[in-house]
Amino acid sequence: MVQEKKLVDEVSGWLRLYDDGSVDRIWTGPPEFKFMAEPVPAHEQFVDGVATRDVIIDDKSGLHIRLYLPEPAPGDTGKLPVLLHFHGGGFCISEADWFMYYHVYTEFTRSARVICVSPYLRRAPEHRLPAAMDDGLSSLLWLQSLAKGESDESWLSKHAEFNRVFLIGDSSGGNVVHEVAARAGNLDLSPLRLAGGIPIHPGFVRSERRKSELEKPQTPFLTLDMLDKFLSLALPVGSNKDHPITCPMGEAAPPLLGLKLPPILLCVAEMDLIIDTQMEYYEAMKAANKEVELFVSSGMTHSFYLNKVAVDLDPSTGQQTRDLIAKVKEFVDNH
């Protein structure tokens, strides 16, 4: 007789954890949103101006990436900047090939004229932090190996401008941006140059709730339950939200003043549950004399641009998404 496994914990709609250690990430929320959490197969032919492919970059670990390449424009002979993108999901859910990322990063690639490299970061609770951070740094070092000619990937070797590599990540991926940038500051990445970091609505928090967590609206992309449970599953055992990965401006983190960081574009949403702690990070960066620029999406909530339904149906959300992409393009063009 097969013993039925028992549900230990769940994050509504997104994740279920069972007593045998297995994790179910099949979307169980409103069915009309299910398509956003489904994978989009790679296509090496250009579709709407963008081609994609999946590449294994480490045979031992199995670490692989999703590549986005824009279709060459007439007379386009120059090389393209690289966005190294870290997906969000509270370190516990989502993948680089999910539709919610595909629809945004094909648009980034097409509009900003960049190559996007998005690693499939290991997820908790099977792989607690710092696993995702290690994967992020490994992806950056793989790009360096391409720049040095020690590895080969035809799209990147032919088209990438390795002296203009940018880290970009949304939600928990924004935490990966900061951590990988901080680690990279201790390394010689030449001939690659880390030109900037773009944390978008990063998951910076503290153990003590801030005012915004109590007053801003909860959405399918971020609730207090998601925030608490995902981080309890993701952080090292025995840690709390004051851990340096989730609170890089906190007392337990290395002082920002001592970090060698590239220019940072911090993107926040006015109605984000965790905007208060994101702004603490911004103020701490300024106090540490770091080069940091702030971009605010007015009236928007956490990761609003990933919601394809809202982007298509709500004119304000659509316009704010275009404005965000335009700001990232401006930042890339200026660095």
Could you go through the side-chain contact (heavy atoms from CB on, under 4.5 Å) check for Ile115 and Trp155 one step at a time?
CA-CA 9 Å; Ile115 301 170; Trp155 284 3; over 6 Å; no

For the pair [X] and [Y], find out whether any cationic side-chain nitrogen is under 4.0 Å from an anionic carboxylate oxygen.
X	Y	result
Glu161	Arg193	no
Arg122	Asp135	yes
Glu38	Lys34	yes
Glu95	Arg123	yes
Arg210	Glu213	no
Asp276	Arg206	no

Within the side chain of [X], is there an N or O that forms a donor-acceptor pair under 3.5 Å with the backbone of [Y]?
X	Y	result
His103	Leu306	yes
Ser94	Gly88	yes
His302	Ala269	no
Trp14	Pro220	yes
Arg110	Asp48	yes

Heavy atoms from other residues, nucleotides or ligands near CG of Asp59 exceed 12 (cutoff 6.0 Å)
no

Sequence neighbours excluded, the answer for salt bridge (charged side-chain N to carboxylate O under 4.0 Å, His left out) partners of Lys308 is Asp312

What about Tyr68 and His85, are their ring centers closer than 6.0 Å?
no

